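Written below as structure tokens is the structure these notes are about.
Remember, predicted model here, so these are calculated numbers, not experimental data.
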Amino acid sequence: MPAADPRRAAFDAEMLPHLEAVYRFALSLTRETSEAEDLTQDTFLQAIRHWEQYQPGSNARAWLFTICRNLRSRQAERRARVEATDAAELENLAAAALHATMVPVDPTGGFFDAPELGDVIRRELDKLPEEYREVVALSDLDDLSYAGISQVLGVPVGTVKSRLFRGRRLLQEALVEYARDAGLLGRSGGEA
């Protein structure tokens, strides 16, 4: 059996005393015991994978804290992308449900033939919060792709999708409300 690398043994001896401190730091980041334990384990695994990059005698604790914080940041970014995608899917389902409720009250699509619709859409688009207005305008008026919008706004594609679906839904709800108020849609379910 080959002899262990003395540099690696020195590395291990320098890192292990900081296990509890890294766990406390991870707990302060996650505020959850099991997540802190996982983050601590991931921190030490990452440190071991890259042990050659560590300069012996430097601040091992700070190096480990940096790894821990970076791992947590990446986890948060991944979680945000997943949440943005999930939110976009939920918004899409809600928009489809709203569309389905319109079919019984406007089966011929007369609302969409109204001559003033273009002005109404622009006015209602202007009322949207900026983060939604930008994305809807870039997608639906300027015909940019998700990636193009992401580049223009400097946000992840998942955020673009989420904002687009939410913005479209808000615009759709405003247009349906306008159509009802203007008498362009009939009432369903026996409403007057």
Side-chain angles (χ1 to χ4, degrees), residues 26 29-32 35 38-39 42-43 46 49-50 66-192:
L29 295 174
T30 64
R31 297 183 178 146
E32 149 86 43
E35 281 188 52
D38 290 345
L39 183 56
D42 291 344
T43 298
Q46 189 78 353
R49 281 189 196 115
H50 301 285
T66 300
I67 293 171
C68 184
R69 185 180 56 80
N70 289 343
L71 285 171
R72 181 62 179 173
S73 293
R74 276 182 276 187
Q75 289 172 349
E77 288 170 8
R78 264 186 250 119
R79 199 171 295 131
R81 283 193 299 271
V82 167
E83 288 171 3
T85 301
D86 290 347
E89 290 171 2
L90 290 174
E91 291 295 329
N92 195 21
L93 288 173
L98 182 60
H99 181 301
T101 63
M102 276 194 64
V103 172
V105 295
D106 187 23
T108 63
F111 169 66
F112 298 104
D113 295 331
E116 70 272 13
L117 187 59
D119 293 335
V120 173
I121 290 173
R122 279 187 285 283
R123 186 178 68 237
E124 294 301 330
L125 182 62
D126 286 344
K127 290 180 184 177
L128 291 178
E130 183 177 356
E131 64 184 3
Y132 304 131
R133 185 175 62 246
E134 289 175 329
V135 175
V136 171
L138 289 170
S139 174
D140 297 343
L141 301 180
D142 297 322
D143 204 29
L144 284 180
S145 66
Y146 292 146
I149 297 168
S150 172
Q151 184 178 8
V152 168
L153 299 179
V155 297
V157 170
T159 301
V160 168
K161 290 178 181 180
S162 176
R163 289 179 184 177
L164 182 59
F165 284 117
R166 191 166 289 126
R168 283 176 175 165
R169 181 171 167 222
L170 291 170
L171 183 60
Q172 186 179 37
E173 289 172 352
L175 292 174
V176 168
E177 188 63 31
Y178 167 81
R180 284 192 180 121
D181 290 347
L184 296 171
L185 291 181
R187 299 286 181 179
S188 64
E191 292 179 29

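Of the listed residues (K161, R168, R166), just one forms a side chain to side chain contact (heavy atoms under 4.5 Å, CB included) with L164, and that residue is R168.
Here the CZ-CG distance, from R72 to N70, works out to 13.0 Å after rounding to the nearest 0.5 Å. We find the CD-CD distance between E124 and E173 to be 11.5 Å, quoted to the nearest 0.5 Å. Taking CG from L138 and CZ from R163, the interatomic distance works out to 11.5 Å, rounded to the nearest 0.5 Å. Distance check, rounded to the nearest 0.5 Å: CD of E134 to CG of L125 gives 11.0 Å. In this structure, K127 NZ and L170 CG are separated by 12.5 Å, a value rounded to the nearest 0.5 Å.
Nearest heavy atoms, C68 versus L29: SG-CD1, 4.1 Å. Nearest heavy-atom pair across S139 and I149 is CB-CD1, 3.6 Å. Contact record, Q46 with L71: CB-CD1, 4.3 Å, taken as the closest heavy-atom pair.
A donor-acceptor contact shorter than 3.5 Å links the side chain of S73 to the backbone of R69. Side-chain atoms of T43 come within 3.5 Å of backbone N or O of L39 as a donor-acceptor pair. Side-chain N or O atoms of T30 include one that pairs as donor or acceptor with a backbone N or O of A26 at under 3.5 Å.
Side-chain contact between H50 and I67 is absent, with no heavy-atom pair separated by less than 4.5 Å.
Annotation for Q151: atom CD does not count as buried by contact number, only 12 or fewer foreign heavy atoms lying within 6.0 Å.
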Could you walk me through whether Q75 and D42 pass the side chain to side chain contact (heavy atoms under 4.5 Å, CB included) check? CA-CA 11 Å; Q75 289 172 349; D42 291 344; 4.0 Å; yes

